[in-house]
Every structure is written in C-alpha cells, then in structure tokens.
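This report concerns only the one structure given below.
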Amino acid sequence: MESPIEVKDNETVESLDFIRAAVAEDTAADRFGRRVQTRFPPEPNGYLHIGHVKAIAIDFGVAKDFGGVFNLRFDDTNPEKEEQEYVEGQIADLAWLGFEPANIYYASDYFDQLYDWAVELISLGKAYVDDLTADEMRAYRGTLTEPGRNSPYRDRSIEENLDLFARMKAGEFPDGARVLRAKIDMASGNLNLRDPAMYRIRHAEHQRTGDKWCIYPMYDWAHGQSDSIEGVTHSLCSLEYEDHRPLHDWYLDQLEVYHPKQIEFARLFITHTLLSKRGLIRLVNDGLVDGWDDPRMPTIVGMRRRGVPAKAILDFIERVGVSKTNSTADIALLEYYIRQELNLTAPRVMGVLEPLKVVITNYPAGQVEWLEAVNNPEDPSAGTRQLPFSRELYIDRDDFQEVPHKKFFRLAPGQEVRLRYGYFITCTDVVKDARGEIVELHCTYDPQTKGGYAPDGRKVKGTIHWLSAPHALNAEVRLYDRLFAAEDPGAYDDFREAINLDSLQIIPNAKVEPSLADAAPESVFQFERKGYFCVDSKDSRPGSLVFNQTIGLRDSWAKIQGKGG
RNA sequence: UGGGGGAUCGUCUAAUGGCAGGACACCGGCCUUUGGAGCCGUGAAUCGGGGUUCGAGUCCCUGUCCCCCAGCCA
C-alpha cells in the first residue's frame, strides 16, 4: 500500500487533510485489514448540485489515494420522494464529472436483511412497536433541555411486538398507524437516541421494489447497516450527522456486525448560491427557474448546460479543501477556475452582442477577403481559421462612443482602432435616425494594415472585434447573472426576497461568425473580448443558434468606468 | 451545567511546540493584435484573558461567539 503522500507528491509534499490523516492512521494500524472503501450515498430525490461534488470528491479521492474502492449507493428508503429519473440523472452526473464508481448499490436491495435484523432487535427486547401518533410522539420526546417520557407502548411483550411488526409488514395497518422504534433512552441528551423510529408504514410504490413493501426503514436504521453490509471502511458524511453517529454505532453494536468508522466533514456553501435540496426543489416547482438544468442552477446539469467544465468544478472543490469548519466559499473562486480552464481550452470566435453597422466607405462594394485568425492564443495546436471581411461590418455598439471618455481607446469620431485580424479603421461619420439614435457608422480603412499590422509602426491603443455583415449568422444569446443578489440567500425566511430579478437577459439578435454554423451542442467558445458562450443543448439548432453565456471575461474597462476616471 | 461540533488575512485554507505560508478577492505596476491571458508588487490574520515553555496558532485553564439536533425526511 502506497502512502498518500507518495501518491500525491509532485513538487512539495502536501499535508493530509484530517480525513486522509485518519484513514492513513487506520491503514497503518491495520484496522480494516489495510482495506479502504468509501461510498457516495445520495437519496434519488433530486439532481446533484455542486455541494454534492465536494462529498463525492472526498469519497472518491480518499478511495483513490489509498488504492481503495469507491461505490455509489442510493439511499432509496423513502419512495414518496424518490424517482427513477433522479437515479439515472445522478448516475449520469457522476459520469460527466469523471467519477466512476466500482459498483452501484441500492439500500432497497437490503430491505430483506434490514427486516430480519429488525426482528432480531425485537427478539432482543431492543425494539418495540409504538401506536402513538406522530404528534403524540413529538410530545413524548421532550425538548432540547427536558428529557422525554417513555411511550405507554414501550413495554409490550416481545411476542406482541413480533406479531405487530409482522402485521405491519403484511399491510394490516394504514399509513402512520404504528411505527417500530428502537428502545434506547428517552432521557438522552442526544435526541436521536430517544427511541428513534426504525420503520414507518407507507403503502407507497417504490421505484425499485414496487409494492413488495408497505413498511420502509428510516435513514438511520438503513444507512449504517448498508455501509456495514457493503464493507465500507470509512463512512464519510457531513457535520449534521455527528449526532447520528452514536445511533449508527448503537445499531451496529446491538447487531454485532461489521462496524465501519464514520467521519464527518463540513458541507460546502457558496456565496450568492442556494445549496439546499429543499430550496432547489422549490425553485424548480415554483417555476422560478427553467428546471433542474436551468443554467443559473448550481446543479451539475445546470452548470453543464451553462458551459462550466467539469475540471473547473473539480479544481474549485479541491481548492476549497476539507475541514470541519463551517465556511462559505466566495463564488468568485469558482468563477476564477471556470475562466482559467476555458481560457486554455475554448476556441476564440467573433460574436457581436449588440450589432452596430459599419460601412467602410473606401472598401470596394462586393469584394470579400478571407483573413487568417488564431483559434486559441493559449494553444497553438488549435490552429487558425479564415474570417470574411467586406465593405459592411458589424461591431458591438459599446465599442463606439460619440464623445469618448478620455481613457476610451476604441472607436470614436476621428479615432483609429484595429479590427482584430483585420484592418485599422477610422470613423469619419456618424449616421443617426430621426430620433437621434446612432444607426450606422462610416469609416475608412488603411489598406496597408491588413491583418492588423501597421507597416509604418504606428500604434493604435484599441483593438475591437467585428463581423462581416453579409456573412454573419444570427444567434440568440442568453446572458446570465447570479440567481441571488443576496450573499446568503439561505439566511432569508423566504429566499424569493434574495433573488436577482435580472439574472437572465435574452438577446435575440446577436451575430456570430459563419464558422459557428455547425457548432456542436455543449461546445464552449470565447467570443473575443466578451466572454465564454456555450451552445445550448436544448434549444440550439443549426439554423437558429442559441448560446448561453457561461461567464464574462474579466473586465478592467468596467473598473475604469466605475471609478469615473 | 440538554447533547454534539467549530473559531487563523475580506474569503477559503496551511502549520502537528520552532520565521504565521498559499490561493481567490482587493489595490498598484509591466506587457498586450482580446481593456482577455500572462508577469511583478503592496496591504491584509492566529476570538478574549490567564498559564506551561528558551519558544504557543498549536499544550493547559477560563471566558466569548458561531453552527447542528426536538421528521413516521435524508
């Protein structure tokens, strides 16, 4: 067995996070036969989000670093909330992220074993059938500071409990009529130990077991034993389960079965982002977004549709690290990794969001030249392509100022700029309509500056992107901003108040270069000087392209403007 | 005196009794056929109070603050 330090080493020896340190120690002490096995245990009641990626990366990463096994297990114990669609969606999300589980397991496959174990606990006098209603049970449970009281049904005979439990399974009782409870300690300071429910009656069809069962195990009763059955060595989970560890331990000890070690870590939180499953479900159900894969959603499917590379997500997660401190990562850190990855990989392309017509008055009508453009300055192997140039062009409206700001280096009356990979042009006339709106610019070009180089060595401060008007393709561009204006939407009683009303802006008549005609869905391009844009996987068609803005380029001009200087 | 957990630059983290380091963000500069990218640089932290020690973010005592738990959800 290699030590993880050796596995990781590149330049310097990295320190181990507290989980890996614990696993390393267990391995060194031969506590699990030098075996390491982890699992990611989601409930299939929604789509995975970036918060889950942290858990997956830890589970997967620990197994990988120690030469162990990583599995996916669905904790599918609540048929009322779970759907096959989510099972398949989560499997696909894992695959897209590049985490391949050795096995895919289901807690529902253990229902028979779990039932037998429940019978065993009853036989041991450690579990009983309770007839209290949910409300009564709550009242008997006590409060955080006061102990609870024993249920009047707590001392039923083993025989009666066995009989009742069998009849629960047989379907003799309606939903919620009775529950099987563990007999632990109603006075425990840990509420999870005040006779927790093990089984509830639900005459509901399960997506995998159909109508075989009408009693379903609770999470705590199923989870630890599932890990035990599978031979998980380290049950990694988030902080809120620390209080549940004593209960998991108790079940395993009563049953005298293999006992994994549970270690808890802090969940991921991100500024301006909602990462609670309940909240995301509400966004979807209330129609506040377009669905689970709305590009503004922090779901894997949403980010994927937005054009966020899996690698950027993974790099971000790695940088955030592993600890037990509740913390909130700045969304700017995620954005940094998105830009970093896309800068390296995204082909450059010309795209004009707000077209302004430019007529090159000294360029021959009807003439077309094809100019060479670099596909990716960060990657020479990406090669070059040809761009058409003609008398009529489009530039972006905000690349022209009639009365230029003193630090505005782009087009202005009498001011010369470079058209990227094209020519130097100078604005000679501004054409306006009756309302005074600028509708067209007249410019002259310098034939000596083809490709963007001046033979006389003269400099222009600005370089702008452009498109040949007759060759440009129409496209819809969807500009996205963060879904929540508030830094911590979770802090609001109603997160609607935290929502950013301008998180989506649709530009129906953007223009892009002709090479994009056959752009593949999900491919991401950099529109030069603008940002990164992804071909929408749902709505884009060869004849009517739709691009989702993944993220804008860093904009230092905006800073200059912001300072008023 | 319910139980459990946590406090290091603005943010996320490193340090395992020995110079508090990195990344993001911010600010400044260089460079530039993307006002992109890149490069260089500045500022910025050990929750408070005691103690142990040659030496404490780290060990001890004490206080403060924050998070989680009262589903027949996971």
Side-chain angles (χ1 to χ4, degrees), chain A residues 14-15 17 21 41-43 45 75-78 80-82 130 132-134 137-139 141-148 175-181 187-194 196-202 215-216 218-220 222-223 237-246 264 266 268 271 277-278 316 319-337 339-340 343-344 348 373-374 377-378 407-410 418-422 424 449 451-454 460-465 526-531 552-560:
Chain A
E14 290 177 50
S15 62
D17 59 66
E43 180 185 21
N45 66 341
D75 269 354
D76 55 348
T77 57
N78 185 354
E80 293 182 319
K81 292 188 176 179
E82 297 153 9
D130 198 342
L132 251 27
T133 66
M137 247 176 89
R138 180 161 42 248
R141 186 152 36 230
T143 70
L144 292 179
T145 52
E146 301 159 17
D175 287 1
R178 295 177 217 265
V179 339
L180 183 71
R181 287 231 255 176
S188 173
N190 182 345
L191 268 40
N192 294 121
L193 265 20
R194 316 241 268 225
M198 295 165 59
Y199 276 93
R200 74 288 217 181
I201 301 173
R202 289 290 179 275
I215 56 172
Y216 290 95
M218 299 293 293
Y219 164 83
D220 284 310
H223 190 82
C237 61
S238 49
L239 252 30
E240 65 265 36
Y241 293 110
E242 284 178 318
D243 284 348
H244 296 246
R245 180 167 12 105
E264 307 86 5
L268 174 67
T271 57
K277 191 106 73 137
R278 177 188 156 277
F316 165 73
R319 169 49 74 200
V320 164
V322 182
S323 72
K324 296 192 71 148
T325 310
N326 280 311
S327 58
T328 304
D330 191 335
I331 195 165
L333 185 63
L334 206 213
E335 294 173 345
Y336 166 80
Y337 283 108
R339 288 194 182 98
Q340 179 175 271
N343 177 51
L344 262 25
R348 271 56 167 178
V374 173
E378 305 292 331
K407 287 186 178 169
F408 186 78
F409 304 138
R410 286 113 87 159
R418 171 190 293 112
L419 295 180
R420 178 146 232 234
Y421 304 126
F424 287 10
T449 58
Y453 298 94
V460 289
K461 292 275 282 187
T463 299
I464 64 174
H465 58 285
Q526 184 194 101
F527 288 7
E528 293 220 24
R529 304 205 311 125
K530 283 294 173 187
L553 250 24
R554 278 188 60 220
D555 188 356
S556 52
W557 166 242
K559 266 181 201 168
I560 294 170

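In this text, all values refer to a predicted model and were calculated from it rather than measured experimentally. Below, read A as the first sequence line, B as the second, and so on, with proteins coming before strands; counting in each chain starts at 1.
Distance noted for atom C1' between B:rA15 and B:rA45: 14 Å (whole Å). Rounded to whole Å, the separation between the C1' atoms of B:rC72 and B:rU58 comes to 46 Å. Atom name C1', nucleotides B:rC30 and B:rU11: the rounded distance is 28 Å, in whole Å. Nucleotides B:rA14 and B:rG6 are separated by 14 Å at their P atoms, to the nearest Å.
The side chain of A:Leu553 lies closest to B:rU34, out of B:rG2, B:rG35, B:rU34. Candidate nucleotides B:rG36, B:rG4, B:rA74 were compared by shortest atom distance to the side chain of A:Asp75, and B:rA74 ranks first.
B:rA7 is paired with B:rU64 under the criterion used here, namely a Watson-Crick or G-U wobble arrangement in which both key atom distances are under 3.5 Å. With a cut-off of 3.5 Å on both Watson-Crick or G-U wobble distances, the partner of B:rC26 is given as none. Partner assigned to B:rU34 is none, using Watson-Crick or G-U wobble distances below 3.5 angstrom.
Residue contacts shown for A:Tyr336 are limited to sugar-phosphate atoms, with no base heavy atom under 4.0 Å away.
Between the side chain of A:Glu378 and the base of B:rG36, at least one donor-acceptor pair of N or O atoms lies under 3.5 Å. Taking 3.5 Å as the limit, the base of B:rG35 and the side chain of A:Arg410 contain a donor-acceptor pair of atoms between them.
For B:rC69, the OP1/OP2 oxygens have no side-chain nitrogen or oxygen of A:Arg141 closer than 4.0 Å. Distances shorter than 4.0 Å separate some side-chain N or O of A:Arg529 from OP1 or OP2 on B:rG35.
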Reading 5' to 3' through nucleotides 11-17 of chain B, protein heavy-atom contacts under 4.0 Å coded B for base, S for sugar-phosphate only, - for none: SSSSS--
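Here A:Arg200 does not pair with A:Glu80 in a salt bridge; the nearest charged N to carboxylate O distance is not below 4.0 Å.
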